[in-house]
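Data first, discussion second: the structure below is written as structure tokens.
Values in this document were obtained by computation on a predicted structure and should not be read as measured data.
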Amino acid sequence: MDLLKCENLSFSYEGRIALENVNFTVEEGDYICVLGENGAGKSTLIKGLLKLIKPADGKIEYMEGFSSKYIGYLPQQQSVKKDFPASVWEVVLSGSNNNLGLFPFFNKSHKQLAEDNLKKLGIYQMKNNSFRELSGGQQQRVLLARALCATKKLLILDEPASGLDPVATNELYALIKQLNDSDNITVIMVSHDVECAKKYSKHILHLETQQLFFGTTQDYAATDIGKSFFSQGVKK
């Protein structure tokens, strides 16, 4: 079943086209890596999917009963406010903010969901710790647990392992893949990581201010652009 569809999507920034002619479909349970060099429009697309910016042209359609407010979002580690004065529990629980409805209080089900996600990501023992005292890898796990409190269907991740050491990077990628496989959570991830794209993704979307490719990872690997990326990577 299609979760979302982008048709003839274009975005403008300060009077110029930042991204244009983007057409792709995301199915439930998919794992899509968004590739491209800096300035290719990857972050622009993510902001569009999150409804933070409006398209200049085209449209984004979500499946019936789903909207952008039910997307779980994990930003780059460098963009996280590391001195945020809150406990791990408070950060994770805040992921349910969009589901509070008319009553601005967390109920038993919200708290149970936060507890379940802390356990799922192996950080329950840290629930009372200060978020700002955690390592970068631990903070990303906490923010991933928070994102899971916002969604049961779609995670959008913007270079989530950027700035992490190799061990933390591999652990984070393994967790994301486990969520995709075990919980059927759809993943759209911006990445510069060649090995991550090859190993985990089911589909590749390659941008260069326009769409250069969308299709299976296997088909992408057979194209000239795919061979170039998988053999050399792209500039960070």
Side-chain angles (χ1 to χ4, degrees), residues 1-76 79 151 153-160 162 176 180 185-194 196-236:
M1 181 181 295
D2 292 348
L3 185 60
L4 70 88
K5 182 181 293 185
C6 296
E7 295 182 347
N8 302 316
L9 202 59
S10 297
F11 294 94
S12 296
Y13 178 72
E14 295 184 346
R16 65 176 180 84
I17 296 296
L19 183 64
E20 62 182 341
N21 298 326
V22 176
N23 295 272
F24 68 97
T25 300
V26 181
E27 299 179 354
E28 287 192 88
D30 211 341
Y31 191 131
I32 296 174
C33 272
V34 184
L35 309 179
E37 299 195 36
N38 290 337
K42 304 185 301 296
S43 294
T44 297
L45 175 63
I46 295 304
K47 290 176 182 177
L49 295 178
L50 294 171
K51 295 294 181 72
L52 299 177
I53 58 175
K54 294 182 179 180
D57 196 12
K59 59 183 179 179
I60 303 171
E61 292 184 343
Y62 294 99
M63 68 180 292
E64 186 175 354
F66 188 76
S67 75
S68 59
K69 74 176 184 177
Y70 299 125
I71 295 173
Y73 174 60
L74 183 63
Q76 294 184 33
S79 67
T151 189
K153 289 186 178 293
L154 176 60
L155 282 174
I156 292 182
L157 310 105
D158 188 0
E159 298 184 44
S162 181
I176 294 167
N180 178 247
I185 291 179
T186 306
V187 173
I188 300 176
M189 180 163 63
V190 172
S191 180
H192 281 112
D193 192 311
V194 175
C196 169
K198 289 172 64 176
K199 184 176 181 180
Y200 296 122
S201 67
K202 298 174 184 176
H203 289 87
I204 297 287
L205 173 64
H206 197 125
L207 303 176
E208 192 59 55
T209 66
Q210 61 181 331
Q211 182 173 310
L212 298 186
F213 178 89
F214 178 71
T216 67
T217 304
Q218 182 178 0
D219 287 345
Y220 176 74
T223 65
D224 289 341
I225 189 173
K227 291 175 182 176
S228 176
F229 179 82
F230 282 160
S231 63
Q232 301 178 16
V234 296
K235 297 178 182 178
K236 294 186 178 181

May I ask you to test the [X]-[Y] pair for a side-chain heavy-atom distance under 4.5 Å?
| X | Y | answer |
| --- | --- | --- |
| F24 | L45 | yes |
| C6 | L49 | yes |
| L155 | L74 | no |
| L4 | F66 | no |
| M63 | E28 | yes |
| K51 | Y62 | yes |

If you count the non-hydrogen atoms of other residues, nucleotides and ligands that lie under 6.0 Å from [atom1] in [X], is the total more than 12?
| X | atom1 | result |
| --- | --- | --- |
| Y70 | OH | no |
| Q218 | CD | no |
| K47 | NZ | no |

Once rounded to the nearest 0.5 Å, what's the spacing between atom [atom1] of [X] and atom [atom2] of [Y]?
| X | Y | atom1 | atom2 | result |
| --- | --- | --- | --- | --- |
| S191 | I176 | OG | CD1 | 9.5 Å |
| I188 | I71 | CD1 | CD1 | 7.0 Å |
| K153 | I185 | NZ | CD1 | 10.5 Å |
| I46 | M189 | CD1 | CE | 10.5 Å |
| S10 | L19 | OG | CG | 7.0 Å |
| Q211 | E20 | CD | CD | 11.5 Å |

Between F230 and Y220, how do the two ring planes meet: parallel, tilted or perpendicular, split at 30° and 60°? perpendicular

Parallel, tilted or perpendicular, as decided by the 30° and 60° cut-offs, for the rings of F229 and H206: perpendicular

Provide the closest heavy-atom pair for [X] versus [Y] in the form atom of the first, atom of the second, distance.
| X | Y | result |
| --- | --- | --- |
| S43 | D158 | OG-OD2, 3.8 Å |
| T44 | F11 | CG2-CB, 3.5 Å |
| V190 | P160 | O-CD, 4.0 Å |
| E208 | E37 | OE1-N, 4.1 Å |
| S12 | I17 | OG-CD1, 3.4 Å |
| C33 | A197 | SG-CA, 3.8 Å |

Between the side chain of [X] and the main-chain N/O of [Y], is any donor-acceptor distance below 3.5 Å?
| X | Y | result |
| --- | --- | --- |
| T217 | S201 | yes |
| N180 | G29 | yes |
| D30 | T186 | no |

What's the verdict on side-chain contact (heavy atoms from CB on, under 4.5 Å) for L35 and F213, showing C-alpha distance, side-chain angles and the deciding distance? CA-CA 10 Å; L35 309 179; F213 178 89; over 6 Å; no

Pair D2, E61 - check side-chain contact (heavy atoms from CB on, under 4.5 Å), show working. CA-CA 10 Å; D2 292 348; E61 292 184 343; over 6 Å; no

Electrostatic pair E7-K59, nearest N-O below 4.0 angstrom: yes

Qualifying residue, where the test is side chain to side chain contact (heavy atoms under 4.5 Å, CB included) with I156 and the options are T151, I32, L50, V187: L50

